[in-house]
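I have placed the structure first, in the form of structure tokens, so that the comments after it can refer back to it.
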Amino acid sequence: MDGGGGEGGGALSSMDAFDSFLFSLSNSFSTPLALFIQIQGCIICLVLAFGWACAAYVRNREIKRIKGRVRAGNSFAFICNDISELEHSNQVNLPRVTIIMPLKGFGEHNLHNWRSQVTSLYGGPLEFLFVVESTEDPAYSAVLRLLSDYRDEVDARILVAGLATTCSQKIHNQLIGVEQMHKDSKYVLFLDDDVRLHPGTIGALTAEMEKNPDIFIQTGYPLDLPSGSLGSYCIYEYHMPCSMGFATGGKTFFLWGGCMMMHADDFRYDRYGVVSGLQDGGYSDDMTLAAIAGAHKRLITSPPVAIFPHPLASDLNLGRYWNYLRKQTFVLESYTSHVNKMMNRALFTSHCYLSWGFVAPYFMSMIHVAAALRFYAKGYSLEETGFSTVGMTMVCSLAACTIIELFSMWNLTRVEVHLCNILSPEAPQLSLASYNWGLVFIAILVDNFLYTISAIRSHFSQSINWSGIRYYLKDGKIHKIERSIPKVDMGPIYTDLGGKHLYGKKGMAPKVSFLGSLAKTLAQWRQPKKFDS
């Protein structure tokens, strides 16, 4: 009954069930397989840190170039490389550019972003086309007010595209804009309404296109400015790994649909099938065009100055972050060819593996730390617990790698903030002071944990609700579109990262918790139509 009275038996019997389970779990995380997973987590941290360090080097090199040109007497180095480019004889020969902005809803930062777009310091002829689905869109009246302020200063129009039937509404709006662009436009620039341009952005993109006619698409990338909520930091963290692919200073395989400059004739003559590829079941503009570029060996570039401040909504909660993540992972379910499908599947598999492979070591480290704290608090001996110090060694290694990773992320953000301030000297200066790096670390774990869940959900559902429109995929293309009619008494609907009003009703945003959003997602898994509205 009393265990035989041996010292070892007495010590073991004094250990409660929780401690016994904790030490067993900690020891199981010291097996070769578990150690491999933890070492892999350290490697992922270091690889990310190295990638961000390279991206920071490219951005910082551009900062030094701009400062060097200023010291050489070019006070307008944030606009052009050589001040002689601003002479009238050069400006009159600049090509015409059409800027197309597909709009949906109206958010807290949209007006500021639109003003930055229409007040560009590009010296050539510009045409701005704002494209909405209907006059009922809140963006319609907002754009009309904006254009009335610049009636005699800019060539701008608002177009009503109507409802998309064969592709996503965004792509439909873009193609309507292409149909209506000026016949003399040489380049077309697609911008999302959350892009905040620098005064010299259009000129810099155009100069690169003129310098190298082989460029198929020029692109850029946003610098997220978190609003303070965990959801906004999750968005920031989600975008950061991709930022290294856009900070190459030249050729890249990445493409961001928020900023894409292309040859207008590619659309006029449907070269490489850009129009038909987008129009025929296209869901994602950037993924479709990137696939076309890859299939035809066309060049995509991202100049080092193409980095844009992207303020996130002040009320961006985890529920809205989850909705955004769902739309992003759903992109991998669309494809244009068998090769593109295989590439997306490989990206899907590797991203899911690396995401949970990144999170798992932190869970293991938490168990190791908890076991160590219980070990020292209760005064257990190594013999009675079998506690292994290997686990704590891995904890220290992971902690060191995490610090290196966060420092590299901080450094890249610091450099990009500095570059944005140089490129927009007249704008309110950005600062790193508002960034909460504790929340950044939490966001890293949350985002990577949820990514795999979202990706699997997207794979099995084959449908997505985007701004009140449900798209169904078949063989990688949109084959069915359903629209939800908002209830009169349901209040405003918000979507995306800018907290946009979709249906024009005024009032407070509905309070939707993250757990509530996940619960609704599980319900949608079997009954997608029921929850579209």
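Only a predicted model underlies this, so the values are computations on that prediction, with no experimental measurement involved. Each residue takes its place number in the sequence, starting with 1.
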Classify the ring geometry between [X] and [Y] as parallel (under 30°), tilted (30 to 60°) or perpendicular (over 60°).
X    : Y    : answer
Y283 : W466 : perpendicular
Y472 : H479 : perpendicular
H310 : H239 : tilted
Y236 : Y233 : perpendicular
H459 : F348 : tilted
W256 : Y221 : perpendicular

Modelled atom types, side-chain donor and acceptor of [X] and [Y], under 3.5 Å:
X    : Y    : value
Q169 : N173 : yes
Y238 : D224 : no
S284 : S334 : no

**OP:** State plainly whether the residues R65 and E62 are in salt-bridge range, i.e. N to O under 4.0 Å.
**Re:**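 Answer for the salt bridge query: yes.
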Subject >> Lys/Arg-Asp/Glu bridge criterion (N-O < 4.0 Å) met for E333, R345 >> reply: yes
Name each donor-acceptor pair under 3.5 Å that joins a side chain in residues 195-203 to protein atoms two or more places apart or in another chain, with its distance.
residue	atom	partner	partner atom	Å
R196	NE	N113	OD1	3.1
H198	ND1	S424	OG	2.6
H198	NE2	I307	O	2.7
T201	OG1	H198	N	3.0
T201	OG1	H198	O	3.3

Subject >> Of all pairs that satisfy side-chain hydrogen bond (donor to acceptor under 3.5 Å, both in side chains), the ones with a partner from residues 117-130, not counting sequence neighbours >> reply: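 Qualifying pairs: T98-E127, E127-R157.
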